[in-house]
**Q** 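This is the structure I have questions about; it appears just below.
What you see is a predicted model; the values in this text were computed from it and never measured.
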Amino acid sequence: MISFAMLSAFARAVFALWALLLLLINLGSAALATVKRRYAFTAFALVLFAPCYFLWQVIFDIYLSSQTEKISALSGSAGSLSWLSWLAAFAVLSLAAALLFGFNIRYDKNYITPGTIKLYLDKIPCGICCWRENGRVLFSNICMNELCKAVTGNSLLNGNQFCDAVAAGILTIDGKVWRFARREITMDGERLWEMIASDITAEYAKTQALEKDKAELSCLNQELWDYYISIDESVQRQEILQAKMNIHDEMNRLMLSTVAADTEDTRALDNIFSLWEQNALLLCMQADEKAGCRDTGTLQALADALGISLILQGDFPPFSDKQSELFFFTAQEAIINAVKHSQAKEMKISFEKAGESLVCRFENNGALPSGEVRFEGGLANLARLAEKQGATVCTEIEKNFALILKFN
């Protein structure tokens, strides 16, 4: 059987190249296993590396011996072995090296490793990065790197600087809307910062559409409310007209009764005078809004006509036109109700500043209501008008009855 040393120079060169390839494959396997933190496979690759290097060194010694005719005993013994033994050894080492290298390559597909995590994070459609407190970036995926270049014009090298650049939280980049969220995390006792950039283009567009629809709905609601108020005012005017017609008929009857009354009958004359007084009061209460109070002089004239003393406490506030209209309408309603329901003889109007609000108080000295005060008729209309201006109307029953108008 021909020994390995007796082979031709070309055959030995083929074995030498084979050994060199095995050395490179085993080094690659050791590097892959180290990156994946599979240190047992790193050791196994180094174990395979040793015999491959020994065989390559024997081939090199045999080549040198042909020049110097000197060879070490170990290399000479290995070279005297049959070339088939060498072939079998190379076959076994090649199979082991191929299996180890193939396992390292397939390991990423079957197990979670830092490489597979990085590969996955580079494929997701959102940006992720993590950095230390000093700004040193520990990890960032492709998406976050591209976003950093688009915002700052530079690569992502300092996490703190990039965080300051996206401090607004929501930015429009290349036609897309991105939301940047930062949070603090702790890993192995070290304080780190993590930032995630999410594409919210679709959600942002829907939010904008909802805001637009909300504004349109608010305008429509305001129009419907104005229409409702106008209908209520039309009904009120119709009721006032009907009341005037009834009073007109009653006046005709009173005029005929007065003409036909016996001037000597004192009781009959007193009854007729009382009816005249009641109808005059009704005329004042059912006056049309266009003839209503618009200043303190007109308000005083109404109070004098109804026989109630009007006391204005404090300076008159600087109302706007709408606030002034609401104030005088409230004062008119308070005076009429005080005379009609409480037989009051005095009405005090005072003003008080409560923070950003102005409180107008209408207090009378009439009889207190026996039950719950319900906002009906004129008070209901007053409450709706106040709500339209952002004001509120309420009542207060303590020593006296008071109607309160509050401008917020």
Side-chain angles (χ1 to χ4, degrees), residues 31-38 104-226 355-357 387-390 392 408:
L32 287 175
T34 303
V35 171
K36 297 177 177 59
R37 298 183 180 181
R38 305 291 294 179
N104 284 327
I105 294 298
R106 291 191 307 164
Y107 187 82
D108 286 339
K109 299 180 181 180
N110 301 322
Y111 299 93
I112 297 176
T113 64
T116 56
I117 295 175
K118 179 66 169 64
L119 180 63
Y120 168 76
L121 292 178
D122 283 337
K123 290 183 178 181
I124 61 176
C126 64
I128 300 176
C129 67
C130 181
W131 69 92
R132 289 195 172 113
E133 283 190 289
N134 60 4
R136 179 187 174 189
V137 178
L138 298 178
F139 172 82
S140 63
N141 66 347
I142 295 176
C143 180
M144 188 63 86
N145 289 330
E146 292 177 349
L147 290 174
C148 181
K149 288 183 179 179
V151 173
T152 64
N154 299 315
S155 300
L156 181 53
L157 301 177
N158 189 299
N160 292 330
Q161 293 179 359
F162 180 58
C163 183
D164 294 338
V166 296
I170 298 179
L171 298 176
T172 301
I173 303 173
D174 296 334
K176 293 184 177 181
V177 181
W178 294 86
R179 178 175 59 198
F180 295 85
R182 187 190 70 166
R183 67 167 182 164
E184 179 183 346
I185 60 176
T186 302
M187 182 176 295
D188 297 332
E190 183 181 6
R191 182 184 180 188
L192 304 175
W193 292 97
E194 179 188 62
M195 179 181 290
I196 298 177
S198 305
D199 183 1
I200 59 169
T201 305
E203 292 82 355
Y204 187 79
K206 292 179 180 179
T207 302
Q208 293 295 100
L210 286 176
E211 290 292 338
K212 183 179 179 181
D213 293 343
K214 181 180 177 181
E216 294 177 354
L217 183 61
S218 178
C219 293
L220 179 60
N221 185 51
Q222 185 62 39
E223 293 176 0
L224 290 175
W225 178 251
D226 294 339
E356 298 296 329
S357 303
E387 183 181 357
K388 187 176 179 181
Q389 292 192 25
T392 55
N408 299 316

**Q** Please confirm whether the backbone N or O of Ile142 pairs with a side-chain atom of Asp122, one donor and one acceptor, at under 3.5 Å?
**A**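 Looks like yes, one N/O pair under 3.5 Å.
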**Q** Between atom CD of Glu211 and atom CD of Gln208, what is the distance when rounded to the nearest 0.5 Å?
**A**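 One finds 7.0 Å between CD of Glu211 and CD of Gln208.
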**Q** Just checking, is any N or O donor in the side chain of Trp178 or Asp199 under 3.5 Å from an acceptor N or O on the other one?
**A**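 Per modelled atom types, Trp178 and Asp199 side chains form no pair under 3.5 Å.
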**Q** Please assess Thr152 against Gln161 for the test side-chain contact (heavy atoms from CB on, under 4.5 Å), listing each intermediate value before the final yes or no.
**A** CA-CA 9 Å; Thr152 64; Gln161 293 179 359; over 6 Å; no
**Q** Output yes when a side-chain donor or acceptor of Ser140 lies under 3.5 Å from a complementary backbone atom of Asn145, and no otherwise.
**A**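 Absent.
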**Q** Side chains of Thr392 and Asn408: closer than 4.5 Å at any heavy-atom pair?
**A**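 Answer yes - side chains close enough.
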**Q** Would you check, one step at a time, whether the test side-chain contact (heavy atoms from CB on, under 4.5 Å) holds for Phe139 with Leu121?
**A** CA-CA 10 Å; Phe139 172 82; Leu121 292 178; 3.2 Å; yes
**Q** Please walk me through it: do Ile124 and Cys143 pass side-chain contact (heavy atoms from CB on, under 4.5 Å)?
**A** CA-CA 8 Å; Ile124 61 176; Cys143 180; over 6 Å; no
**Q** Counting only heavy atoms not in Glu216 (residues, nucleotides, ligands), do more than 12 fall under 6.0 Å from its CD?
**A**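 Above 12, so yes.
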**Q** Starting at CE of Met144, measure out to SG of Cys126 and round the result to the nearest 0.5 Å.
**A**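 The distance works out to 8.0 Å.
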**Q** Would you say that more than 12 heavy atoms from the other residues, nucleotides or ligands in this model lie under 6.0 Å from the NZ of Lys149, or not?
**A**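 Check fails, neighbour count at 12 or below.
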**Q** Check whether more than 12 heavy atoms from other residues, nucleotides or ligands sit under 6.0 Å from atom CG of Asp164, and answer yes or no.
**A**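 Yes, CG of Asp164 has more than 12 neighbouring heavy atoms, counting only those of other groups under 6.0 Å.
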**Q** With rounding to the nearest 0.5 Å, note down the distance linking CG in Leu210 to CD in Glu203.
**A**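 Answer rounded to 0.5 Å: 12.0 Å.
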**Q** Within 45° of the six-membered ring axis of Trp193 and under 6.0 Å from that ring's centre, is NZ or CZ of Arg182 located there?
**A**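 Judged by the rule (NZ or CZ under 6.0 Å from the ring centre, within 45° of its axis), Arg182 counts as positioned above Trp193.
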